[in-house]
Amino acid sequence: MGSLMKIYNAMLWAYGPQGWWPIVSLEKGKSEYGVDAPRDEADVFEICTGAILTQNTAWKNVEKALLNLKVSGSLDPKKISGIRVDKLSAMIRPAGYFNQKAKKLKLFSEFYIGLNGKAPSREELLSVWGIGPETADSILLYAYRKPFFVVDAYTRRIFAYLGLVKEDSSYDDIQKLFMDNLKHDERVFNEYHALIVDHAKRHYQKRPYGQGCFLRKVIG
DNA sequence: AACCAGGACGTGA
DNA sequence: TCACGTCATGGT
């Protein structure tokens, strides 16, 4: 078995299925895991919105912004495209970069409406201002269940520590490593990225990175 | 009180 | 191409 699959199995054994992408629960006032696939159109759009709001931002803060949007009935492409930017930015304030993200959400909403319910291509997503490679892949993988591997800062940090990628590798280089060495199964890509985030939160947040990380001995 | 958080874009060289 | 600055709230 390849190293990447060994690492995947080790994390899955250690932490269990992560149930991504989390969806905000109005009752609990926070996001809940365990909804493995978007149940309806509203879930799809919420995942896209969350993917934009979580850019360089702790999920905890994104939950607050998503809840503000949801309780006011604004978590909808037509609502967001119709609302005033200053009102929108006020609602998503807890997620940081609120002026930029308000603009991004409006532009994405227009784009989303134009899709008429069909899935966007990666190139189409990347052509939207505010959607970079990670956000595009997150949307494709978690909202549309397409097999695109999501690379984030944690992925680079962990796999550089393990010596499997260079510290300065590009997004595309790292994504290629995973997609060249794993079966293109969206369920595995889904779980793998979620496990990376969980593992990184446990062992790769404060320096020195990698304290208590057990993955190096898994590779063998 | 720095540092980090499930990044992306604009700029100048 | 690419290094660097900017965007911003909130938790540790």
Side-chain angles (χ1 to χ4, degrees), chain A residues 8 11 15 17-24 29-33 35-36 38 46-69 85-86 88-108 111 122-143 148-161 165-175 178 186 189-212:
Chain A
Y8 172 80
M11 292 195 294
Y15 309 133
Q18 301 296 300
W20 277 39
W21 184 280
I23 296 293
V24 169
K30 61 185 187 65
S31 61
E32 286 193 302
Y33 297 79
V35 181
D36 292 316
E46 177 172 338
I47 293 168
C48 296
T49 304
I52 292 170
L53 289 176
T54 198
Q55 290 171 357
N56 201 37
T57 299
W59 183 254
K60 189 81 172 185
N61 296 336
V62 177
E63 284 183 332
K64 298 172 186 171
L66 283 174
L67 187 62
N68 286 341
L69 292 172
V85 265
D86 59 319
L88 179 58
S89 61
M91 287 198 283
I92 65 172
R93 189 173 197 280
Y97 308 107
F98 49 80
N99 289 316
Q100 288 205 8
K101 284 176 179 174
K103 180 180 173 186
K104 291 178 182 181
L105 289 183
K106 277 193 154 292
L107 289 171
F108 179 77
F111 168 77
R122 190 171 195 265
E123 291 68 32
E124 287 172 332
L125 284 167
L126 291 174
S127 74
V128 180
W129 187 87
I131 309 291
E134 184 185 339
T135 307
D137 290 331
S138 294
I139 289 172
L140 289 166
L141 179 61
Y142 291 105
F148 289 87
F149 199 91
V150 176
V151 177
D152 66 347
Y154 288 145
T155 312
R156 175 178 286 99
R157 194 175 297 169
I158 293 173
F159 288 85
Y161 177 86
V165 303
K166 286 177 288 186
E167 193 74 54
D168 60 344
S169 299
S170 69
Y171 184 97
D172 292 338
D173 285 345
I174 299 176
Q175 184 183 48
F178 284 90
E186 57 92 4
F189 286 5
N190 175 324
E191 198 64 51
Y192 209 144
H193 174 67
L195 287 165
I196 284 171
V197 172
D198 191 0
H199 184 68
K201 283 178 175 172
R202 298 167 186 264
H203 303 294
Y204 287 84
Q205 284 214 330
K206 56 178 187 296
R207 295 171 186 272
Y209 296 139
Q211 293 303 306

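Computation of the quantities below employed the complete heavy-atom set of this structure, encompassing side-chain atoms and omitting hydrogens, waters and symmetry-equivalent molecules.
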For A:T155 and A:D152, does a side-chain donor sit closer than 3.5 Å to a side-chain acceptor? yes
Separation between the P atoms of B:dA1 and C:dC7, rounded to whole Å: 23 Å
How far does the C1' atom of B:dA5 sit from the matching atom of C:dA3, given to the nearest Å? 22 Å
Looking only at atom P, what distance separates B:dG6 and C:dC4, rounded to whole Å? 25 Å
Do the side-chain N or O atoms of A:W129 get closer than 4.0 angstrom to the phosphate oxygens (OP1, OP2) of B:dG10? yes
Quick check on contacts: within residues 54-62 of chain A, what sits under 4.0 Å from DNA chain C by heavy-atom distance? A:N56, A:N61
In whole angstrom, give me the gap between the P atoms of C:dA8 and B:dT11. 16 Å
Can you see if the side chain of A:R157 gets near the phosphate of B:dA5 - specifically, an N or O under 4.0 Å from OP1 or OP2? yes
Between C:dG11 and A:K206, is there an OP1 or OP2 to side-chain N/O distance shorter than 4.0 Å? no
For B:dC4, does either OP1 or OP2 sit under 4.0 Å from a side-chain N or O belonging to A:R207? yes
Does the side-chain ring of A:Y154 lie flat on the base of B:dA5, meaning centres under 5.5 Å and planes less than 30 degrees apart? no
Candidate nucleotides C:dA8, B:dG6, C:dT9, ranked by approach to the side chain of A:R93 - the nearest: C:dT9
Tell me whether the OP1 or OP2 atom of B:dC4 has a side-chain N or O from A:Y209 closer than 4.0 Å. yes
Using the ring pair (Phe, Tyr, Trp, His ring centres under 6.0 Å) definition, which of the options A:F178, A:F189, A:Y192, A:F149 pairs with A:Y8? A:Y192
